[in-house]
Amino acid sequence: MERKDSILTVVIGIITAVCGYMFGLDYLKIAESGLTLSSIVLAVYIAAIIGLINSELAKRMKNTVATPRNDKTQLGVLVLYFKIAIFFSVGTILVSSLILLLSFSNNRESFIVVSIWSVLSVIGLVFYVENLVFLIIILRFMLNRQIWDT
């Protein structure tokens, strides 16, 4: 992964987690949107991967160095981005589903349940935001390669 993208995702994840915790944000309010977003994003990733298979762009990316240290090709970086993005998409689906299932429970009075709910909400928010970040990173990466490397 490119250094600037690594720093960006970590910083955004930390800011999201801190804001979610400090303001007591409840992920339940956007859990259904999280499921929808993740499903759409996952479909976009799968379509992009299928579109890349045996394409001329993929062949060029396989032979083009992406990092200044010459240790990764553009295709290798893109594959890594897809792996991480798919992790966050599936994670968002799992956390959103869990939050929605747990919301039917009326027993949110104990400290342990409130703590678990807060942690799940923060994790859900971070995964949701990272989905958006990786969607932007992948689209930027692919558009830059498609437009400028032709």
Side-chain angles (χ1 to χ4, degrees), residues 1-104 115-150:
M1 204 159 123
E2 294 182 17
R3 183 170 171 77
K4 64 181 178 177
D5 293 335
S6 298
I7 292 169
L8 176 71
T9 57
V10 169
V11 168
I12 288 176
I14 290 171
I15 290 171
T16 303
V18 168
C19 289
Y21 178 75
M22 286 179 56
F23 297 118
L25 300 176
D26 190 0
Y27 184 70
L28 177 61
K29 294 178 181 177
I30 62 167
E32 288 183 31
S33 299
L35 277 171
T36 304
L37 170 78
S38 295
S39 300
I40 292 169
V41 166
L42 211 49
V44 168
Y45 295 152
I46 291 169
I49 291 168
I50 290 170
L52 273 174
I53 295 173
N54 290 327
S55 71
E56 286 300 315
L57 176 62
K59 291 174 185 172
R60 282 195 314 253
M61 290 174 76
K62 183 179 178 182
N63 296 322
T64 306
V65 175
T67 59
R69 295 178 295 170
N70 297 334
D71 62 344
K72 292 219 191 260
T73 65
Q74 289 180 350
L75 188 59
V77 171
L78 184 60
V79 167
L80 179 62
Y81 285 160
F82 276 128
K83 286 179 181 178
I84 296 170
I86 289 170
F87 166 79
F88 281 118
S89 293
V90 172
T92 303
I93 291 170
L94 293 174
V95 172
S96 297
S97 299
L98 188 60
I99 290 268
L100 288 169
L101 287 172
L102 293 176
S103 69
F104 293 114
S115 298
I116 291 171
W117 189 265
S118 297
V119 169
L120 278 175
S121 285
V122 168
I123 291 170
L125 286 170
V126 170
F127 279 17
Y128 184 89
V129 170
E130 293 292 353
N131 264 317
L132 296 174
V133 170
F134 272 96
L135 181 62
I136 292 166
I137 288 172
I138 288 172
L139 288 175
R140 184 200 70 215
F141 187 89
M142 291 195 58
L143 283 175
N144 284 344
R145 295 329 178 257
Q146 181 67 36
I147 294 170
W148 305 117
D149 292 347
T150 56

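Any value given below was found using the heavy atoms of this structure, including those in side chains, with hydrogens, waters and symmetry copies removed.
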Could you tell me whether a side-chain N or O of T9 sits under 3.5 Å from a main-chain N or O of S6, the two making a donor and an acceptor?
yes
Does some side-chain heavy atom of S103 sit less than 4.5 Å from a side-chain heavy atom of W117?
yes
Closest non-hydrogen atom pair between M61 and F141, with its separation
CE-CE2, 3.5 Å
Nearest atoms (heavy-atom pairs only) where A48 meets F82
CB-CZ, 3.7 Å
Heavy atoms, side chains only, cut-off 4.5 Å: are V41 and T92 in contact?
no
Ignoring hydrogens, what is the shortest heavy-atom contact between V77 and K72? Give both atom names and the distance.
CG2-CB, 3.9 Å
Determine whether Y81 and D5 make a side-chain contact, defined as any pair of heavy atoms from C-beta on separated by less than 4.5 Å.
yes
Between Y21 and V119, is there a side-chain heavy-atom distance shorter than 4.5 Å?
no
Closest heavy-atom contact between L35 and I93?
CD2-O, 3.7 Å
Kindly give the heavy-atom pair with the smallest separation between I99 and S121, and that separation in Å.
CD1-N, 4.1 Å
Verdict with supporting geometry, I138 and V44, side-chain contact (heavy atoms from CB on, under 4.5 Å)
CA-CA 11 Å; I138 288 172; V44 168; over 6 Å; no
How many angstroms lie between atom CG of L8 and atom CZ of F134, to the nearest 0.5 angstrom?
8.5 Å
Close side-chain approach of T73 to N63, heavy-atom, < 4.5 Å:
no
pair I15-C19: side-chain heavy atoms closer than 4.5 Å
yes
Might you point out which heavy atoms bring A58 and S55 nearest each other, and give the distance in Å?
N-OG, 3.1 Å
Among V133, V95, I123, I30, find the one that has a side-chain contact (heavy atoms from CB on, under 4.5 Å) with Y128.
I30
May I ask you to check whether F87 and F127 place their ring centres under 6.0 Å from each other?
yes
I14 and V10, any side-chain heavy atoms less than 4.5 Å apart
yes
So do I49 and I86 actually touch side chain to side chain, heavy atoms under 4.5 Å?
yes
Starting at OG of S96, measure out to CG of L120 and round the result to the nearest 0.5 Å.
10.5 Å
